[in-house]
Protein chains: 2
Amino acid sequence: MKKLSTLFFLLITTLSYAQVKTLAEKLGYSKTDKLLIIHADDIGLSHSENVATISSMTDGFVNSTSIMMPCSWSTEVGEIIKDHPNLDIGVHITLTNEWFNYKWGPMAGDVPGLAGPDGFMYPDCASVAKNASPEEVEKEMRAQIEAAIRIGIKPTHLDSHMGCVFYGRPEYVASYLKLAKEYGFPAMVVPQMVDTIIKANPSLFKGIDVDNLPVIDQVVSASPTAYDERGMEGYYTDLMNNLSPGITALLIHVAYDNDEMKAVTVRHPYWNSPWRQADYDFFTSGQGRKLIIDNNIKLVTWREIGAIN
Amino acid sequence: MKKLSTLFFLLITTLSYAQVKTLAEKLGYSKTDKLLIIHADDIGLSHSENVATISSMTDGFVNSTSIMMPCSWSTEVGEIIKDHPNLDIGVHITLTNEWFNYKWGPMAGDVPGLAGPDGFMYPDCASVAKNASPEEVEKEMRAQIEAAIRIGIKPTHLDSHMGCVFYGRPEYVASYLKLAKEYGFPAMVVPQMVDTIIKANPSLFKGIDVDNLPVIDQVVSASPTAYDERGMEGYYTDLMNNLSPGITALLIHVAYDNDEMKAVTVRHPYWNSPWRQADYDFFTSGQGRKLIIDNNIKLVTWREIGAIN
């Protein structure tokens, strides 16, 4: 009897093991392949950001972006993509407004908890978490998705500006996953979120098939320290030369260092106008392209992840 | 008895006549003086508009402006005026969003009637009048005034972007005058409004001393025809050489014809980026300044009008 049960246990384990494919494998790659999404956050933010991001995708090798719908310039993206209908564009759920002199408010008509005393969004995630109810955040997220669709975008994914969906309240994440499921595209989820938010609050995530979420292996992005110490070229060169197997989402920010962008990012020492120009320069450079090839890095998109059955 | 009543009538008429000073006279000028407010609408609209408008006031001879608070760049004006605390700046009540690719929404948290299906303001006054209740418009006007005060502006007056307060519902005008009275600054009123809106709807304007409103004599602005046929220089030269006595508000629009402004005004043949550059050029030119002097035109500001007892 003991032998039989051991055999049964081994059979089940083997079957389960066979079924648990990594996301990379589901995409048709092996577990050891190095897969990379080069994702430019923040399209829609400004005219400079729009034009540079599109150029980084059509002239460079950025292969995914996500749009900040509440910003003044989001509508221009709808116009630009008429000429580029197949770009990989998600909705960058935007609940904050981090710049000193350049502002935007929420898109949903009656979400006062998302607007600060100046009528625009709060500058940081903590203020959002303190003031915005889960119902308001869900309403705003839906308004942003609907607005993106209305300007002609077919969203390939959902993610979160400054991570405020993830760093806010667990209810925000529940709405985020619910909306992604409802609209039929993946939402960016990193492994840490699964344990600390989703599995920690099971009652909020009923109806979400946690084990089949398209959880990418890691999300990386240049830090202020990396920018100061190594510069963008140094940081990205190291990253490409040492990329881990699995799926990595590399979050970058692309704009031209011009009058408009200098004014948008004034008094911000990081993620500012020259930072975004440096990202543009690297991801349109031959040297950057060569690093991808030399390291046998495969570029994958959110659209491909969304197409997994 | 007839003689006595005639005498009494004459006395009353004379007294009344003596009391009815024109707005020019209340400012200390004579009825025949030519007084001009050179008013740059739309500061706050964009970075380009902000920098050019301030330059037209500090380097040129524009002497008044009004701010579009719901626009992304309004906050920057609060920063710029720290160095120019005495500029004449009103609140340009903004209920519409007329550009194709550059957007903004209402500032008040729960005024859905002021947002179109894309979450931003409607492009025209008719849509506002159709969708926005008087309560919503008053709430939004108050939010814009409060937001201006919060960024350090001491508003000198109130006026209306695209005239949508005037071309909307008479209740909007009632709120506009009520708020101006409450906050203690003048609201731009032109003679036509007095008869067609205010006196035509007396029940709405209770509490407003219609006969003592600071009604300016005329509001003029370059038209598309003038721009096409005479150009800005020709139009303004004719205007200065033929200015009527009394107070004229000349509404202009000042920005630099740069990448940002070209993109803001894309596909608009008028009030667009080169139009605004032409306004900047004229109102910072020696030739324009000479026309003011040669025609003995006195420049007056809204602050002076607001200071009339």
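Chain naming here is simple, since letters A, B, ... match the order of the sequence lines and numbering starts at 1 in each.
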Please state whether the side chain, the backbone, both or neither of Pro117(B) comes within less than 4.5 Å of a heavy atom of chain A. both
So for Ala147(B), is it side chain, backbone, both, or neither that comes closer than 4.5 Å to the heavy atoms of chain A? side chain
Report which part of [X] has an atom under 4.5 Å of a heavy atom belonging to chain B: side chain, backbone, both, or neither.
X         : value
Glu79(A)  : side chain
Ala143(A) : neither
Phe100(A) : backbone

Nearest 0.5 Å, what's the [atom1]-[atom2] distance between [X] and [Y]?
X         : Y         : atom1 : atom2 : value
Tyr102(A) : Thr75(B)  : OH    : OG1   : 11.5 Å
Asn101(B) : His47(A)  : CG    : NE2   : 9.0 Å
Asn258(B) : Asp259(A) : CG    : CG    : 7.0 Å
Trp104(B) : Cys71(A)  : CH2   : SG    : 14.5 Å

Ser72(B) (side chain) donor-acceptor with Lys103(A) (main chain) under 3.5 angstrom: yes
Based on non-hydrogen pairs under 4.5 Å, which of Ile80(A), Leu114(A), Val264(A), Val266(A) is most in contact with chain B? Val264(A)
Taking the side chain as everything from C-beta on, heavy atoms only, tell me whether Ser74(A) gets closer than 4.5 Å to Phe120(B). yes
